[in-house]
Protein chains: 2
Amino acid sequence: MDLKNVTMKDIAKYTGVSTATVSRVLNDNYPVNIETKKKVLKAIEELNYEPNLVAKNLRSRKSNLVAIIVADIKNPYYVSIAKEIDDFLFEEGYNLITCSTDESLEKEATIIRLLLSKHIDGIVIAPSDSGKSNLTGLIEQQVPIVLVDRKTNDLSIPFVGTSNFKEAYNLTEYLINKGHEKIAVLTGKLNTSTGKERLEGFKMAMANYGLVVDETWIFNGDFDEKQAYEELSRFLKSNKDLPTALVSCNNLMTKGTILALNEENINIPEDISIVSFGAMENQELFTTRITCIEQDTRFMGRKVAELLLAQLKNKQKLKSIIVESTFIEGNSVKEWN
Amino acid sequence: MDLKNVTMKDIAKYTGVSTATVSRVLNDNYPVNIETKKKVLKAIEELNYEPNLVAKNLRSRKSNLVAIIVADIKNPYYVSIAKEIDDFLFEEGYNLITCSTDESLEKEATIIRLLLSKHIDGIVIAPSDSGKSNLTGLIEQQVPIVLVDRKTNDLSIPFVGTSNFKEAYNLTEYLINKGHEKIAVLTGKLNTSTGKERLEGFKMAMANYGLVVDETWIFNGDFDEKQAYEELSRFLKSNKDLPTALVSCNNLMTKGTILALNEENINIPEDISIVSFGAMENQELFTTRITCIEQDTRFMGRKVAELLLAQLKNKQKLKSIIVESTFIEGNSVKEWN
DNA sequence: TATGAAATAGAAAACGATTACTATATACAA
DNA sequence: TTGTATATAGTAATCGTTTTCTATTTCATA
């Protein structure tokens, strides 16, 4: 039809009513004569009117925009969570913006500042650092927040995540029960709750079974595939005395680990056993299926959306949720005697 | 600081100038006395002013929002493209909204209508149907569009994609060169350009080598893992006469294929050879590494962003781009004599 | 010294919706 | 008949910017 956008003013002029009346017909929040209403609706149909949400948002001080901020939105783990949130919120008229921080606190701050300017209605975030928080601005502006995967020290913010300590403990215990004693760990970023808690779970399991943790077998992988690969490669090239098993603290690092081991012709599980916190994409088709903890990302996403919607609609904070994970046994662990 | 947002009016009052002047300082598009400028900037700093982008957008009729609409944003292929676009556009002050249509034309229409209401600045789309187009509204409103992966019949819209015909031809020829004659094909959605062209490439290769295409060996997988799995399972359960090779027309369907074959204890490549249009996540770690065409998604994403930015900034349509793919040889094809 | 251009800045009108006021007409109860 | 509640609808303010006018001052040039 028209190149120019049809506005309420056009509808008002066309039907001979005021824009107020048009607005009332549209929002159905005020009595309007049935005949008038019909006339207006007909005009809306005929002129093909579509509301300008930007104007609406300015007036109502909302944006119908929600953002999810994670380290790397390409990680299938976050992709799946984000998709679920998106599906859920789309029904409620929200759009989801996905943002990656690449684990940089500064980039996180920049993103949040931009989102605040856009009058973002809500934020889902896995913070880059559990301590130094970029969330104060959001909290001041009373923007609803839901923490996903990673917590901050501020416990008043609703959170959806995994029992990192427990699951890491279990993974380690599984290795111990298979007879392993010389166990290494590939840690995530230790300034995140997940990184810290998983390492603690590992250490606690070792301690409870009276096993010593060799400090040189604590590898720092920063939750990153490349970093994990390099850290491990360096170790393998300069050490002949290997641990018999390794706990990797996330899916990306597990990939890096496998690649590093493959390159050095070290076989899983013959030469070294591997367990992973977090599943890998298509892992059921791998030559070596890694024994792992798999998180129910779709359920997590749904819960995140619920916690966010509760705040968005009823200004009501629901309680945090710890989602149960599944233990998946592959063929990456050898019985050791 | 304040709970309420600081606006230009506050800055104006604080410094004793008009909002017009504040705006001019901020946008640096009009001469302002150096002292006044300093004063204003100081006030902005002190009061911690952040512009309200919603208001700005209303006035300027833009949103700094760009959307990518694909069938399924969980598909790593699209994830990777989207991430690249996002990175690129973020630098320019745009945010990316990701939308999945689940291959539904109606959902696509709904999404586009919503995005138009939000005054979306640009759209990247892999249309659900190459014929019946939901793009007319966007074109009328002169919203910049870039087609990615899939084309429409309207050739005036910039496009970034793969040479589907050629690559499908090559994949098929590869099988033929390995001695295969009884070759099946698992097609994508035939109302998309990619679905159609890949099938045509397959057929042309068969024809050029004088091979007959058995109609019952053309499986319709709709680009969907589950659909492909079911289609193939049904066939396998009721047929003992198998083709010696199969061409799968996308990564998701290849996964479905492998699962169906695994379930029936049909081995790749011993019992049947497989080639795939599109790579699978972590495929280098598979027991059977599928021989495939891998698309350079990062390069594609970058090109898409460039084509979009050219329209966004200079109102200039650049030429469509066909991105070269890589042939990756796995161990999923058996030599046949 | 006159004059036109450039520098400088405020008032007010947009952008397109919502909503607080205000006003009238109608219906119903007392 | 009067009073009051409700239905109905327009006017104008508002959300927070940008930008068009309009107006003054300053300055270089003829």
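Here is the naming used below: chain letters follow the sequence lines, and residue numbers restart at 1 for every chain.
- Between the NZ atom of K62(B) and the P atom of dT17(D) there is a distance of 16 Å, rounded to whole Å.
- Side chain R24(B) to base dT20(D): a donor-acceptor pair is found below 3.5 Å.
- Residue contacts for N57(A): at a heavy-atom cut-off of 4.0 Å it reaches no nucleic acid atom on any strand shown.
- With a 4.5 Å cut-off on side-chain heavy atoms, D121(B) and L65(B) do not count as touching.
- In this structure, the nucleotide among dT8(C), dG10(D), dG16(D) sitting nearest to the side chain of N33(B) is dT8(C).
- At a cut-off of 3.5 angstrom, counting only N and O atoms as typed in the model, there is no donor on one side facing an acceptor on the other between the side-chain of R59(B) and the base of dG16(C).
- For the pair K9(A) NZ and dA17(C) P, the interatomic distance rounds to 10 Å; values are reported in whole Å.
- Nucleic acid contact class of S23(B) (heavy atoms, under 4.0 Å, all strands): base.
- Residue contacts shown for V17(A) are limited to sugar-phosphate atoms, with no base heavy atom under 4.0 Å away.
- Using modelled atom types, no side-chain atom of D102(B) and backbone atom of S104(B) make a donor-acceptor pair closer than 3.5 Å.
- Both P51(A) and P31(B) lie near DNA chain C, and the one whose nearest nucleotide falls closer to the 5' end is P31(B).
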Take I123(A) and I69(A) through the test side-chain contact (heavy atoms from CB on, under 4.5 Å) and record every step on the way to the result. CA-CA 8 Å; I123(A) 295 259; I69(A) 307 173; 4.1 Å; yes
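- A cation-pi contact links K107(B) to F90(A), judged by a cut-off of 6.0 Å to the six-membered ring centre and 45° from its axis.
- Contact annotation: K56(B) side-chain N/O to dT18(D) OP1/OP2 distance is under 4.0 Å.
- Whole-Å rounding puts the L58(A) CG to dA14(C) P distance at 17 Å.
- For K151(B) and F159(B), the positive end sits near the middle of the six-membered ring, less than 6.0 Å away and at most 45° from its axis.
- A salt bridge does not link K83(B) with D86(B): every distance from a Lys NZ or Arg NE/NH1/NH2 to an Asp or Glu carboxylate oxygen is 4.0 Å or more.
- Spacing between atom CG of L53(A) and atom C1' of dC15(D) amounts to 15 Å, rounded to whole angstrom units.
- Within the 4.0 Å cut-off from OP1 or OP2 of dC15(C), not a single side-chain nitrogen or oxygen of T7(A) is found.
- Between the CG atom of N29(A) and the P atom of dT8(D) there is a distance of 14 Å, rounded to whole Å.
- In this structure, R61(A) does not reach the dT14(D) phosphate: none of its side-chain N or O atoms is under 4.0 Å from OP1 or OP2.
- Near DNA chain C, defined here as any heavy-atom distance below 4.0 Å, the residues from residues 34-41 of chain B are T36(B), listed numerically.
- Distance from the side chain of N27(A) is smallest to dT18(C) among dA17(C), dT18(C), dG16(C).
- Heavy-atom minimum distance, A126(A) versus V148(A): CB-O, 3.2 Å.
- Two residues are said to be in side-chain contact when any heavy atoms from C-beta on lie closer than 4.5 Å; L53(B) and N64(B) fail this criterion.
- Looking at heavy atoms from C-beta onward, S80(B) lies in side-chain contact with K74(A) at the 4.5 angstrom threshold.
- Both Y49(B) and Y30(B) lie close to DNA chain D; mapped to their nearest nucleotides by heavy-atom distance, the more 5′-ward contact belongs to Y49(B).
- Side chain of Q311(A) to backbone of I145(A): a donor-acceptor contact under 3.5 angstrom is found.
- Regarding I11(A), its CD1 atom lies at a distance of 13 Å from the P atom of dT18(C), rounded to whole Å.
- Side-chain proximity of T19(A) to the nucleotides dT18(C), dT18(D), dG16(C) is greatest for dT18(C).
- For the helix from dT1(C)-dA30(D) to dA30(C)-dT1(D), the axis fitted to the five pairs at one end and the axis fitted to the five pairs at the other end meet at an angle of 50° (nearest 10 degrees).
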